[in-house]
Amino acid sequence: MAKLFALLISLLAISQTQSNPNYCYSSDSVRPQLAMFSTKTSYQSVSGSSVDPSVSNCTPKKFWMLQRHGTRLPNANQISKFPNIPSVQEKAINNHDNKGKGTLCAEDLELIRNWKIDTNLTESIAEYLTLAGWMEVENIARRYQSAFPTLLPPTYSPSQYLFQHTDAQRTQGSFRAFADGLFGYNGYKAVVPEPIPDRDLLLRPYDFCAEWLANSAEEKEMSKFEKGDEYDDVIDNVNEKLGGTSASKSNVRSMWQLCRFEQAADLSRSAPWCSVFSYDDVAVMEYGEDLGYYYEAGYGFSMNKNILCETVQNMLLFLQNDGGEAPARILVTHSTVMQLMMVSLGLYEDETPLKSSNFAEQLNRKWRTSEQTAFASNLAVIRYDCADGDNEVLFLYNERPLEIPGCQSNGLCKVSYILETYDRYLTADCPNIFCTA
């Protein structure tokens, strides 16, 4: 009954957010939009609250994790467009103060009024890990260590741990944050991660597949959607809320980026530019993001079922092998790999493909990058060794049970079933098939 009551309250809050023309972002205590920012969603908005290690009666023996980096700064292209926003800000304030136009509540107007472009945010530090991103990953490590203390001991040893990350600053920083979460302040300094290979088919395989890089389906489908009625309505709604600023589509997209990045960087405050988007507007923007990723790293491109071959094989061999390797393996990567992993495992596939023309029919879609690839999203795979040799494996995604088809709803499965189900990856010649459809 308590869960039903909470659900009703949540639905009521969403309904009011959608329909109330006087909706005020600053005073909304629920803010369902926070869990709808696609790959720029904060981890806290979508993650589980605890991990139950006692789902199996067997002994946890091996820990494999695929970890996306934490919250980062915007990319260089996004940063280059932010200087266009102060002129929109000035017009919006003038419209409200001197013309009586616009529908921002007083609190949200003050947010816009007091917003200043961050002069420290330059293209030279584009995509760097933020403090919030560091803390997200460090806390994830602490919680998993608390759940599995024998697998993740507080003292580093190369015989116990294997760490690997890509060559990006944000993944290197996230590896260090994870290590600090396990070993204490500056604990990462004692860790020697695996060398980054010239051809990183484990954590960035798509960089080495020309056919994958040449795929432009996501751009075409997103472009169609951004020329459609739903997207045009968002532009009109934002301009109306700002009192008729005539902000361009490009400027509205910059507001969307500022909203998401600034909110993810600090959940304790209200990000000013989030106030210009209604719940319905955010739902449209989220779908546009999902649409692009669906054709880039999802089910909309046939090559995606093979591109992550080496990563899936790495996981399966880790589950299969006994001894001779570090029992804890932490791999730090990017959102694209996390999405490709879901495709490789056959998860979150919709019966009807996402299209630029079917937004209304896809409101209950399974492919939701906000839930699946938020900042710091992670897949933890824990092998439990059983006395009878019929070992078990627990799948957790963002600290929630991940149900593999044919397994239990609590994320638990038989290792033998997983090896059989994904046998084609286990026996594949990955360097030769990863770049094939």
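No donor-acceptor distance shorter than 3.5 angstrom exists from the side chain of Glu403 to the backbone of Gly411, with no hydrogens or angles considered. Panel note: side chain Asn358, backbone Pro353; a donor-acceptor pair is recorded below 3.5 Å. In this structure a side-chain-to-backbone donor-acceptor pair under 3.5 Å is present from Gln78 to Asn75. For the pair Thr130 (side chain) and Ala265 (backbone), a donor-acceptor distance under 3.5 Å is absent. Proximity of a side-chain donor or acceptor of Asp350 to a complementary backbone N or O of Thr352 within less than 3.5 Å is not detected. Panel note: side chain Asn398, backbone Arg400; no donor-acceptor pair is recorded below 3.5 Å. With Asn314 contributing its side chain and Glu310 its backbone, the two residues share no donor-acceptor pair below 3.5 Å. A donor-acceptor contact shorter than 3.5 Å is absent between the side chain of Ser216 and the backbone of Glu219. Side-chain atoms of Thr311 come within 3.5 Å of backbone atoms of Leu202 as a donor-acceptor pair (strictly under, hydrogens ignored). Checking side-chain atoms of Asp180 against main-chain N and O of Gly187 turns up a donor-acceptor pair under 3.5 Å.
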For this session: Check the pair Arg143, Glu399 against salt bridge (Lys or Arg N to Asp or Glu O under 4.0 Å), reporting the backbone distance first and the verdict last.
Result: CA-CA 9 Å; Arg143 288 192 295 272; Glu399 299 173 74; 2.7 Å; yes
For this session: List the steps and the verdict of side chain to side chain donor-acceptor pair (under 3.5 Å) for Ser356 and Glu221.
Result: CA-CA 6 Å; Ser356 58; Glu221 208 62 30; 3.1 Å; yes
Exercise. Is there a side chain to side chain donor-acceptor pair (under 3.5 Å) between Asp28 and Tyr23 once you walk through the steps?
Worked result: CA-CA 8 Å; Asp28 183 0; Tyr23 168 73; 2.7 Å; yes
For this session: Evaluate salt bridge (Lys or Arg N to Asp or Glu O under 4.0 Å) for Arg329 paired with Glu325, printing each intermediate quantity in order.
Result: CA-CA 9 Å; Arg329 182 174 297 184; Glu325 59 188 354; 3.0 Å; yes
Exercise. Yes or no on side chain to side chain donor-acceptor pair (under 3.5 Å) for Ser250 and Ser248, after CA distance, side-chain angles and deciding distance?
Worked result: CA-CA 5 Å; Ser250 176; Ser248 66; 4.8 Å; no
For this session: Dump the intermediate steps for salt bridge (Lys or Arg N to Asp or Glu O under 4.0 Å) on Glu226 and Arg253, then the final yes or no.
Result: CA-CA 11 Å; Glu226 291 179 2; Arg253 283 202 61 80; 3.4 Å; yes
Exercise. Are His165 and Ser174 close enough, and set up right, to give a side chain to side chain donor-acceptor pair (under 3.5 Å), and what steps lead you there?
Worked result: CA-CA 9 Å; His165 59 79; Ser174 294; over 6 Å; no
For this session: Start with the C-alpha distance between Leu162 and Glu194, add both sets of side-chain angles, then the distance that settles side chain to side chain contact (heavy atoms under 4.5 Å, CB included), and finish with yes or no.
Result: CA-CA 7 Å; Leu162 180 148; Glu194 293 296 293; 3.7 Å; yes
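By the 6.0 Å contact criterion, NZ on Lys249 is enclosed, its count of non-hydrogen atoms from other residues, nucleotides or ligands being greater than 12.
Listed by chain and residue number, Asp52 satisfy the side chain to side chain donor-acceptor pair (under 3.5 Å) test with Ser54 (two or more places apart in sequence, or in another chain). Applying the side chain to side chain donor-acceptor pair (under 3.5 Å) rule to Asn57 yields no partners; only residues at least two apart in sequence or on another chain are considered. Listed by chain and residue number, Ser38, Asp290 satisfy the side chain to side chain donor-acceptor pair (under 3.5 Å) test with Thr369 (two or more places apart in sequence, or in another chain). In terms of the ring-ring contact (aromatic ring centres under 6.0 Å, His included) criterion, Phe148 has no residue partners (sequence neighbours excluded). Evaluation of the salt bridge (Lys or Arg N to Asp or Glu O under 4.0 Å) rule for Glu230 yields no partner, not counting sequence neighbours. Evaluation of the salt bridge (Lys or Arg N to Asp or Glu O under 4.0 Å) rule for Glu136 yields no partner, not counting sequence neighbours. Legend: residues meeting side chain to side chain donor-acceptor pair (under 3.5 Å) with Asp385, ordered by chain and number and at least two apart, are Arg383.
Salt-bridge annotation for Arg368 and Glu286: present, with a side-chain N of the basic residue lying under 4.0 Å from a carboxylate O of the acidic one. A salt bridge links Lys414 with Glu392; the closest basic N to acidic carboxylate O contact falls under 4.0 Å.
The aromatic ring centroids of Tyr299 and Tyr348 lie 6.0 Å or more from each other. With ring centers used as reference points, Phe225 lies under 6.0 Å from Tyr287. In summary, the aromatic rings of Trp212 and Tyr206 are positioned with their centroids under 6.0 Å apart. You'll find the ring centres of Phe375 and Tyr43 outside the 6.0 Å limit.
When each of Tyr188, Tyr161, Phe178 is paired with Phe183, the ring-ring contact (aromatic ring centres under 6.0 Å, His included) condition holds for Tyr161 and for no other. In summary, of the residues considered (His334, Lys40, Met338), a side chain to side chain contact (heavy atoms under 4.5 Å, CB included) with Thr373 occurs for Met338 alone.
Annotation: cation-pi geometry satisfied between Lys62 and Phe318 (NZ/CZ under 6.0 angstrom from ring centroid, within 45° of ring axis).
Lys355 is listed as a side-chain neighbour of Tyr295, based on a closest heavy-atom distance under 4.5 Å. Residues Tyr144 and Leu152 meet the side-chain proximity criterion, which asks for heavy atoms closer than 4.5 Å.
Across all non-hydrogen atoms, the minimal contact from Val337 to Pro205 is CG2-CD, 4.5 Å. Heavy-atom minimum distance, Phe208 versus Asp200: CE1-N, 3.2 Å. Cys58 and Pro60 get closest at one heavy-atom pair: O-CD, 3.7 Å. Of all non-hydrogen atoms in Ala328 and Leu151, the two that sit nearest each other are CB-O, 3.7 Å.
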Would you mind writing out the side-chain donor-acceptor pairs for residues 256-264 within the sub-3.5 Å range, not counting sequence neighbours?
| from | atom 1 | to | atom 2 | distance (Å) |
| --- | --- | --- | --- | --- |
| Trp256 | NE1 | Glu289 | OE2 | 3.1 |
| Gln257 | OE1 | Arg260 | NH2 | 2.7 |
| Arg260 | NH1 | Phe37 | O | 3.0 |
| Arg260 | NH2 | Glu289 | OE2 | 3.3 |
| Glu262 | OE2 | Trp115 | NE1 | 3.0 |
| Gln263 | OE1 | Tyr25 | OH | 2.7 |
| Gln263 | OE1 | Ala271 | N | 3.0 |
| Gln263 | NE2 | Asp266 | O | 3.1 |
| Gln263 | NE2 | Arg269 | O | 2.7 |

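Listed by first then second residue, pairs satisfying disulfide bond (SG atoms under 2.5 Å apart) with a partner in residues 145-214 read Cys209-Cys435, not counting sequence neighbours. For residues 422-434, the side-chain hydrogen bond (donor to acceptor under 3.5 Å, both in side chains) pairs, not counting sequence neighbours, are Asn306-Arg424, Asp429-Asn432. Here disulfide bond (SG atoms under 2.5 Å apart) pairs that include residues 299-365, with residues two or more places apart or in two chains, are Cys309-Cys430. Applying the salt bridge (Lys or Arg N to Asp or Glu O under 4.0 Å) test to pairs two or more places apart or on separate chains, those with a residue in residues 159-175 are Glu127-Arg170, Asp167-Arg204.
Judged purely by distance below 3.5 Å, without hydrogens or angles, the side chains of Ser278 and Asp281 pair a donor atom with an acceptor atom.
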